[in-house]
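The structure appears right after this line, and notes come after that.
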Amino acid sequence: MELSELERQRAEKAARLQEAGVAPYPHRSHRTHTTVQAIAAYEAAVAADAAAPRVTVAGRVVSMRDMGRLMFAHIEDSSDRLQLFIRSNELGEDAFTLAKRTIDLGDFVEASGTMVRTRTGEISVQTETVVMLAKAITPLPIPKEVEDESGAITRFSAFADVEERYRQRYADLAVNREVRDIFRVRSRMITALRAWLDNHDYLEVETPILQPIYGGAAARPFTTYHNQLKQNLYLRISFELYLKRLLVGMYERVYEIGRDFRNEGVSYKHNPEFTQLEFYCAYTDLFGIMETVEQMLAYAAEATLGSRQITFGENTVDLTPPFRRVTLRDAIRQATDIDYVAFPTSDSLRQEMRQRGFNAASDASWGHLVDTLLGEAEPDLIQPTFVHDYPVEISPLAKQKPDDPTHVERFEMFIGGMEMGNAFTELNDPFEQEQRFMQQGRAYEAGDEEAQPMDEDYLQAMMFGMPPNGGFGLGIDRLAMLFTDHRSIRDVLLYPHLRQRDQ
RNA sequence: GGGUCGUUAGCUCAGUCUGGCAGAGCAGGGGCCUUUUAAGCCCAGGGCCACAGGUUCGAAUCCUGUACGACCCA
C-alpha cells in the first residue's frame with residue numbers, strides 16, 4: 001500500500017498507540033447503548049428523577065473541538081450522533097493526551113461514562129474512558145454541518161463528486177447520511193412487495209440465472225461459457241419463461257425477485273444489471289393483473305412511506321387504485337396525433353412519422369417504430385397508467401385480443417414518466433406460441449438483434465398444458481427511484497456500473 | 001453513436017475569458033485555550049493543475065487528441 005502524506009501521519013498514530021500498549025484494531029467492542037438508546041436512557045432517568053445512566057457507546061468520530069484540557073467530539077452510529085464531553089479531569093493526564101494525539105475524524109472509538117447535559121444543553125457522555133476501536137487511515141471527507149431549529153442540516157463542502165461517490169460508495173455512505181436512507185427505503189419497499197405477495201398465496205421461487213437459451217424480453221444478452229460442459233450460457237434477460245413453466249407444474253401463483261442482465265446502453269434509467277420482480281397467476285388475465293398490481297403498489301407505498309401520495313420531483317404521484325387505463329393507440333394519438341393503425345407497414349409509418357418531424361430509424365421494424373412513438377408519450381405519463389393493447393409483432397408471449405388478432409392483451413405500466421412494468425394475458429397455446437417464435441426468428445434474420453429465440457423446452461412445457469394465466473414484471477430500481485424521489489437509477493443502486501478507470 | 005460542460009491540495013472550490021511566482025476555506029502538522037458545536041487565536045506545511053502532444057521566450061490558462069464523468073439528443 002502506498003500511503004499519502006495524510007495517511008502516513010495516521011498510520012504513525014496507530015503505531016503510537018501500539019507503543020503505548022493499546023491495540024489500534026482491538027477484537028471486540030463493549031457497547032451497551034446505541035447513541036439513540038443512550039439519549040433515551042438519560043431522558044428516562046431525568047423524567048424519573050433517577051441517577052444519570054452509565055453507558056458505553058461506540059461509533060465513528062465525525063467532529064472534534066479541542067479546547068486544551070477539554071475536548072468535545074461527536075460520534076455517529078447507525079442510529080444517530082452523540083456528543084462526547086471529554087476532560088482530563090475524568091481521563092487523567094496521560095490518557096487524555098494519548099487520546100488527543102491519536103484520535104482523528106473518521107476513527108471508530110468507544111466511550112464509557114455518565115450521561116450529562118452540557119452547559120449549552122446538549123445531552124452528552126461525560127467520558128471517563130475512550131478506546132480506539134478501529135483507526136481510520138484514509139481521511140474521510142466528513143463535512144461540517146449545522147442544524148437549525150427546524151432540524152434542517154446545512155452541509156459545508158460535503159463530499160459531492162458524483163463519480164467518486166459512486167466509485168467509492170462506502171465513503172459516500174459513511175459521510176452522507178441521507179444516502180444511507182435511500183437504501184433503507186429501497187429495502188423496506190422490497191420487503192413490502194414480498195410481504196404482499198406472500199400474503200396473497202404467491203410462492204417465492206428461484207430460477208436459473210445461467211440459461212442455455214435466453215428469452216422472455218426483447219434485449220441482447222451477456223454471453224458466457226461453461227468450461228467443463230463446453231457450452232455457451234446466457235445471463236438471463238428475464239425470468240418469464242422459467243416462471244411460467246412452473247404453472248405447468250401446478251403451482252398457481254409464483255414470483256421471483258432477482259437480477260436481470262441486459263447487454264445494452266447505460267443511462268439514467270438503465271444499468272446492465274437491474275432488479276426485477278415478476279409474478280404469474282393462474283386463472284386470471286390482464287385485467288385481473290391490473291387490479292393485483294394496483295393493490296400491491298398501494299400497499300407497498302403505504303407500508304414503505306406511510307402514504308399513497310408520493311412526491312416525485314415537482315409532481316405528486318398518487319398510487320391509490322384504480323390506475324388510469326388507456327390504449328396504446330389512444331396514448332400515442334394524444335401525444336403525437338398519429339394513429340399508427342392507419343399505417344400498417346413500416347414504410348408507411350416511417351414516412352408519416354418523418355413528415356410530422358419525429359425521428360424514425362431507417363432500419364426500424366414497424367413494431368419498433370410504434371415503440372418509438374410510445375417514447376413520445378412516456379414523459380407525460382406521470383400518474384400511474386396502464387397503457388394496454390399492444391401490436392402482436394412486438395409481443396410474442398402474449399395472447400391475442402379475441403376481437404382483434406393484430407393486437408394482444410398486454411399492458412405496460414408507467415409512473416413518473418417512466419416505464420415501470422409489463423404484463424400480459426399469457427399465451428398458453430403451444431401451436432400459436434411456436435408460430436410466434438418462428439416469426440421472431442424471421443425478425444432476427446432480418447437484423448433485429450432483440451428478437452426472441454425459439455425455446456423448444458418451453459414449448460414442450462406448454463404442450464403438457466399450461467393453465468390460462470396473467471403475469472407481470474416490475475422494475476424494482478425504477479420503483480425505488482419513485483419511492484426515494486431520485487432521477488437517476490445510479491442513485492438507487494449501491495454499486496452502479498461505471499466504466500473502468502486506469503489504476 | 002452525436003453535442004455541451006466538467007476534471008486544480010484529502011474535501012469543497014477560485015484562478016482559464018484577457019498566457020507571466022499555484023490560491024482560499026475546511027481537513028492534517030506544531031503551539032495556546034476546562035462548556036464547544038462550521039469553536040477561536042498564532043505558526044509552518046501540503047500540487048503529475050486528469051493524461052499525451054502542439055503553439056509560445058513562457059501554458060493550469062490557447063489548440064489537437066485521449067481517458068473518465070455529468071447533462072442533453074439518438
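Every heavy atom of this structure was used, including side-chain atoms; hydrogens, water molecules and symmetry mates were not. Sequence lines set the chain letters: A, B, ... in the order given, protein chains first and strands last, and positions in each chain run from 1.
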query = Which nucleotide in the list B/C11, B/U37, B/G29 gets nearest to the side chain of A/Q9?
reply = B/G29
inquiry  = I'd like to know if the side chain of A/S395 and the backbone of A/A398 have a donor-acceptor N/O pair within less than 3.5 Å.
reply    = no
message = Counting only side-chain heavy atoms from C-beta out, which of B/G29, B/C11, B/A38 sits nearest to A/F159?
response = B/C11
ask   = With a cut-off of 6.0 Å (strictly less than), are more than 12 heavy atoms of other residues, nucleotides or ligands near OH of A/Y268?
value = no
task = Sort and list the pairs that fulfil salt bridge (charged side-chain N to carboxylate O under 4.0 Å, His left out) and have at least one residue in residues 28-52 of chain A, not counting sequence neighbours.
result = A/R31-A/D77
ask   = Which value, in whole Å, describes the distance between the P atoms of nucleotides B/U18 and B/C13?
value = 26 Å
note = A/I142 CD1 to B/U37 C1', in whole Å, measures 15 Å
inquiry  = What's the gap between B/C49 and B/U61 when it is taken at their C1' atoms, as a whole Å value?
reply    = 10 Å
query = Nearest of B/G10, B/U35, B/G69 to any side-chain atom of A/L498?
reply = B/G69
message = Is the positively charged end of A/R410 above the ring of A/Y390, judged by distance under 6.0 angstrom from the centroid and angle within 45° of the axis?
response = yes
message = Under 3.5 Å for both donor-acceptor distances, Watson-Crick or wobble: does B/C21 have a partner, and if so which one?
response = none
query = Who is the Watson-Crick or G-U wobble partner of B/U37, with both distances under 3.5 Å?
reply = none
remark   = Of A/P139 and A/L70, the one whose nearest nucleotide on RNA chain B sits closer to the 5' end is A/P139
remark   = Contact check, residues 114-127 of chain A vs RNA chain B, heavy-atom distance under 4.0 Å, returns A/T118, A/R119, A/T120, A/E122
Within the sub-3.5 Å range, which N or O atoms of nucleotides 72-74 of chain B have a protein N or O partner, and how far apart are they?
| unit_1 | atom_1 | unit_2 | atom_2 | d |
| --- | --- | --- | --- | --- |
| B/A74 | OP1 | A/N359 | ND2 | 3.4 |

request  = Measure from the side-chain heavy atoms of A/F72 and tell me the nearest of B/C68, B/U36, B/G29.
outcome  = B/U36
ask   = So what does A/R165 hit on the nucleic acid, given a heavy-atom distance under 4.0 Å: a base, only sugar-phosphate, or nothing?
value = nothing
inquiry  = B/C11, OP1 or OP2 - any side-chain N/O from A/K144 closer than 4.0 Å?
reply    = no
task = Determine, for A/F85 and A/R119, whether the Lys NZ or Arg CZ falls below 6.0 Å from the six-membered ring centre while staying within 45 degrees of the axis.
result = no
inquiry  = Suppose the criterion is ring-ring contact (aromatic ring centres under 6.0 Å, His included): which pairs have a residue in residues 10-40 of chain A, not counting sequence neighbours?
reply    = none
Between the protein and nucleotides 41-48 of chain B, list the N/O to N/O atom pairs that are separated by less than 3.5 angstrom.
none

Ionic contact status for A/R8 with A/E12, cut-off 4.0 Å = yes
inquiry  = For B/C26, give the paired nucleotide (Watson-Crick: N1-N3 plus N6-O4 or O6-N4; G-U: N1-O2 and O6-N3; both under 3.5 Å), or none.
reply    = B/G10
Sugar-phosphate only, base, or nothing, as touched by A/E145 at under 4.0 Å among non-hydrogen atoms = sugar-phosphate
query = When we call it a touch if two heavy atoms are under 4.0 Å apart, what does A/R69 touch: a base, just sugar-phosphate, or nothing?
reply = base
request  = Give a yes or no on whether the backbone of A/I86 and the side-chain of A/Q126 come within a donor-acceptor separation of less than 3.5 Å.
outcome  = no
query = Is there a Watson-Crick or G-U wobble partner for B/U4 with both distances under 3.5 Å, and which nucleotide is it?
reply = B/A70
request  = Using a heavy-atom cut-off of under 4.0 Å over every strand shown, decide if A/F156 touches base, sugar-phosphate, or nothing.
outcome  = base
message = Let's see if you can work this out: which of B/U12, B/A39, B/U35 has an atom nearest to the side-chain heavy atoms of A/S157?
response = B/U12
message = Mind checking if A/D66 touches a base, just sugar-phosphate, or nothing, with heavy atoms under 4.0 Å?
response = base
inquiry  = Using atom P in both nucleotides, what's the gap between B/C5 and B/U64 to the nearest angstrom?
reply    = 12 Å
request  = Classify the nucleic acid contact of A/A158 as base, sugar-phosphate or nothing, counting any heavy atom under 4.0 Å across all strands shown.
outcome  = sugar-phosphate
message = So, does A/R65 get its side chain near the phosphate of B/A39, meaning an N or O under 4.0 Å from OP1 or OP2?
response = yes
ask   = How do A/N89 and A/L105 order along RNA chain B: which one's closest nucleotide is nearer the 5' end?
value = A/L105
Enumerate the protein-to-nucleotides 49-51 of chain B contacts in which both atoms are nitrogen or oxygen and the separation is below 3.5 Å.
none

message = How many whole angstroms separate atom CG of A/L82 from atom P of B/U36?
response = 18 Å
query = Is A/D66 salt-bridged to A/K100, going by a charged N under 4.0 Å from an acidic O?
reply = yes
